[in-house]
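Take a look at the structure set out below.
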Amino acid sequence: MHYWLMKSEPDAFSIDDLARVKTEPWSGVRNYQARNIMRDGMQVGDGVLFYHSSCAEPGVVGIAEVASSAYPDPTQFERKSPYFDATSTREEPRWMLVDVAFKRKLARTITLTELKQQSRLEDFALLRRGTRLSVMPVSKAHWNVILALE
DNA sequence: GCCAACGTTGGC
DNA sequence: GCCAACGTTGGC
């Protein structure tokens with residue numbers, strides 16, 4: 001069992017959206033490191049911190065879980081999609097995704113500001129300068145520290 | 001293989 | 001909207 005954090009802009013797809021649809025294919029990731037994490041790291045049942053970014057109150061807003069192993073992101077083949085990638089083929093798909101399933105919404109948002117105040121989260125990737133990955137690993141210790149704030 | 005230019009992310 | 005940081009692209 002491993003733990004992860006996945007960012008989403010709430011204007012595009014929020015924790016409430018995930019609660020409504022229950023399971024969502026995490027399409028649109030076009031960063032090799034993030035792809036590798038989904039493809040090689042994630043396993044069904046892993047825990048996911050759902051994080052709202054680029055919004056009024058950035059922070060962890062809910063818990064989800066990995067609901068599939070990695071498979072090709074269909075949007076890379078859709079000509080009209082903003083995620084279309086003409087250099088990818090069905091024989092050798094470049095971009096992968098996993099399904100993410102809703103578990104629960106937190107009682108309140110654990111804000112980025114709060115996370116920064118935790119000395120025990122000093123080496124958490126989210127808080128390190130220049131880390132812009134939309135998908136990143138979370139250690140069990142960090143997972144526990146973060147959720148204890150709720 | 002270098003590196004400048006450009007695009008994207010994401011907090012503020 | 002600004003800007004720092006980083007990734008990608010493409011000319012050479």
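Residue numbers start from 1 in every chain, and the chains themselves are labelled A, B, ... in the order their sequence lines are given, proteins ahead of strands.
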Nearest-Å distance, [atom1] ([X]) to [atom2] ([N])?
X      : N      : atom1 : atom2 : result
A:H52  : B:dG11 : NE2   : C1'   : 16 Å
A:D11  : B:dT9  : CG    : P     : 14 Å
A:L112 : B:dT9  : CG    : P     : 18 Å
A:Y83  : B:dT8  : OH    : P     : 12 Å
A:R30  : C:dG7  : CZ    : C1'   : 15 Å
A:L126 : B:dT9  : CG    : P     : 16 Å
A:W95  : C:dT8  : CH2   : C1'   : 10 Å
A:L115 : B:dG10 : CG    : C1'   : 15 Å

message: Do the side chains of A:D73 and A:R30 get close enough for a salt bridge, i.e. N-O under 4.0 angstrom?
response: yes
query: Is A:D16 salt-bridged to A:K105, going by a charged N under 4.0 Å from an acidic O?
result: yes
Closest to the A:Y32 side chain, choosing from B:dG11, C:dT8, B:dT8: C:dT8
- prompt: Which of these nucleotides, B:dG11, C:dA5, C:dG7, is closest to any side-chain atom of A:R129?
  reply: C:dA5
message: Below the 4.0 Å mark, does B:dG11 have OP1 or OP2 next to a side-chain nitrogen or oxygen of A:Y51?
response: yes
message: Below the 4.0 Å mark, does B:dT9 have OP1 or OP2 next to a side-chain nitrogen or oxygen of A:K7?
response: no
field: Candidates A:R39, A:M42, A:Q76 - the one meeting side-chain contact (heavy atoms from CB on, under 4.5 Å) with A:M96
entry: A:R39
message: Can you tell me how far apart CZ (A:R79) and CG (A:D85) are? Round to the nearest 0.5 Å.
response: 11.0 Å
- request: Give one of base, sugar-phosphate or nothing for A:L133, where a contact means two heavy atoms less than 4.0 Å apart.
  value: sugar-phosphate
